[in-house]
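Report on the structure given below.
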Amino acid sequence: MATPSAWKLDDHPKLPKGKTIALIVLDGWGESAPDQYNCIHNAPTPAMDSLKNGAPDTWTLIKAHGTAVGLPSEDDMGNSEVGHNALGAGRIYAQGAKLCDIALASGKIFDGEGFKYVSESFEKNSLHFVGLLSDGGVHSRLDQLLLLIKGSAERGAKRIRVHILTDGRDVLDGSSVGFVETLEADLAKHRENGIDAQIASGGGRMYVTLDRYENDWEVVKRGWDAQVLGEAPHKFKNAVEAVKTLRKEPGANDQYLPPFVIVDDAGKAVGPIVDGDAVVTFNFRADRMVMHAKALEYEDFEKFDRVRFPKIRYAGMLQYDGELKLPNRYLVSPPEIDRTSGEYLVHNGVRTFACSETVKFGHVTFFWNGNRSGYFNEKLEEYVEIPSDSGISFNVKPKMKALEIGEKARDAILSGKFDQVRVNIPNGDMVGHTGDIEATVVACEAADLAVKMIFDAIEQVKGIYVVTADHGNAEDMVKRDKAGKPALDKEGKLQILTSHTLKPVPIAIGGPGLSQGVRFRKDLDTPGLANVAATVMNLHGFVAPADYEPTLIEVVE
Ligand SMILES: O=C(O)[C@H](O)COP(=O)(O)O
Ligand SMILES: [Mn+2]
Ligand SMILES: [Mn+2]
């Protein structure tokens, strides 16, 4: 914990204090070649387009994936959690994916308190794994699950049940079948070794279990019914058959598969979670696990009728909320992100407003503040959440709440009550994930209109804007071969990309309040999202702490 005096930031030698700064994060807005699969290019986005004229001095590109945001490798696309962590913290932290890799490689994960706790159930009860089944690396990874299963089997687990959530969002739609086959083959090997290991239930991630920020508890309930009660509208003898069959329904896709349970010859669910069992949720990322974790852990719980609340030994792959200590037990300690820019600025009197709609609200608050919920100082901060639509896929309403976010930001700017007005505009990302190209174009247009609204307000108060993004998504909606051409599948069909990308993201600065001579430096090797915090601190008139990644700007006479 820093002492009060340690929070004091030095004055910037050249830049003044007191400017209103709009800090806009366009979720899922990368920079890519202009072609028909680049929805940002194909949408009318005059506000964002005009910024490019300022290149290289006031518009440039920064890295938003791989090691620049603390992920294991350069093949890892960026995501909201690591992106907003880097943006807000100004430093690069080894993130959940990497911390789990390290703990699994050394085997330390199996020596920790969390694993010891769940292993007390191995002798007499089942060990359940619940999580997202893919190699997307955003929330979880299949290879990590297989290592957990192996390690548990070697350490005495006799009865293992896996509750899978199919992806199609961080990976190609349709890839679920292959992942289930891989898991099935692995479990079959364990069965040969005398371990009773099976998939017990499943469903698509967006329809079963993995909701976030309390947008729709029904999603979590569907998962509960299948995983804990062993009840679901669809019953199958094995999971490969389940996924293949459910995918044949018109309009079906991996993200939204209905819940199913695996049953034995007598029609009985093979793996409901019961008293005495152990449960490990193998997602390392927090946002989509918190609601499920509450259902598993909280004695008092009113979000839906759990029917049965089994007494289990539960551990998360990570602790998903450090404030709530949720879950209480976990296998790997999450990154300890401290001294974020938000906390510093509040200590230095910067009054802050943050806003997004529900599906991204935690991104611009919780993730931004180093995975910390709530205010640092409620007198100086106001966070506003606009309720998202729920129960729909966002291609149905691609404008989402962009204009409402724009309006709230505008009002906050014009109120004169805030020095920093920070928003996340979700459209490019949330609609990009649906793979619906036409809707994503509409989404990008709406995001740009919100940006324009904020620019106009900044113009009026003679403020400064900083616009950037957390990672790519809408700028490329098709899978590509090594040469960058759209890749076709075995049947010659285009493969629509629902996931994020490895592309860089734009960052632009401007507005009447931007001091003369401020421009982007050209001497930084590969600047990334973590360089933004120091930049924003400078624009507020402060020098960033010495251990922050360097600022992106310089002031030339
Ligand atoms: O959770 C999701 O929606 C995706 O897996 C990642 O998207 P995000 O990182 O932009 O939230
Ligand atoms: Mn994002
Ligand atoms: Mn996303």
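We number each residue from 1, following the sequence as shown. Whatever order the structure lists them in is the order used to number ligands and atoms, beginning at 1.
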Problem set entry | Under 2.8 Å from the Mn ion (ligand 3) - protein N/O/S, by chain and number | D429 OD1, D429 OD2, H433 NE2, H500 NE2
For this session: From the options N369, T365, T352, select the one residue that forms a side-chain hydrogen bond (donor to acceptor under 3.5 Å, both in side chains) with Y383.
Result: N369
Exercise. Passes side-chain hydrogen bond (donor to acceptor under 3.5 Å, both in side chains), T67 versus E74? Steps please.
Worked result: CA-CA 6 Å; T67 53; E74 299 309 329; 2.3 Å; yes
Exercise. For D170, what residues pass the salt bridge (charged side-chain N to carboxylate O under 4.0 Å, His left out) criterion, not counting sequence neighbours?
Worked result: R205
Problem set entry | Ring-ring centroid check H500 H65, cutoff 6.0 Å | no
For this session: Identify whether the distance between the nearest side-chain nitrogen and carboxylate oxygen of R480 and D476 falls below 4.0 Å.
Result: yes
Problem set entry | salt bridge (charged side-chain N to carboxylate O under 4.0 Å, His left out) against D173, all qualifying residues, sequence neighbours excluded | R247
Problem set entry | Minimal non-hydrogen separation, V69 against L529, with atom names | CG1-CD1, 3.9 Å
For this session: Starting from the Mn ion (ligand 2), look over the N/O/S atoms of D470 and name the nearest one.
Result: OD2
Exercise. Looking at F366, does the NZ or CZ of R372 lie under 6.0 angstrom from its six-membered ring centre and within 45 degrees of the ring axis?
Worked result: no
Problem set entry | Residue shell around ligand 1, heavy atom under 4.0 angstrom | D27, N79, S80, V138, H139, R169, D170, R205, R212, R285, R288, K360, H363, D429, H433, H471, H500
For this session: Would you please test R141 and D143 for salt bridge (Lys or Arg N to Asp or Glu O under 4.0 Å) and show each step?
Result: CA-CA 5 Å; R141 282 214 328 264; D143 61 327; 2.8 Å; yes
Problem set entry | W217/F301 aromatic ring centres below 6.0 Å | yes
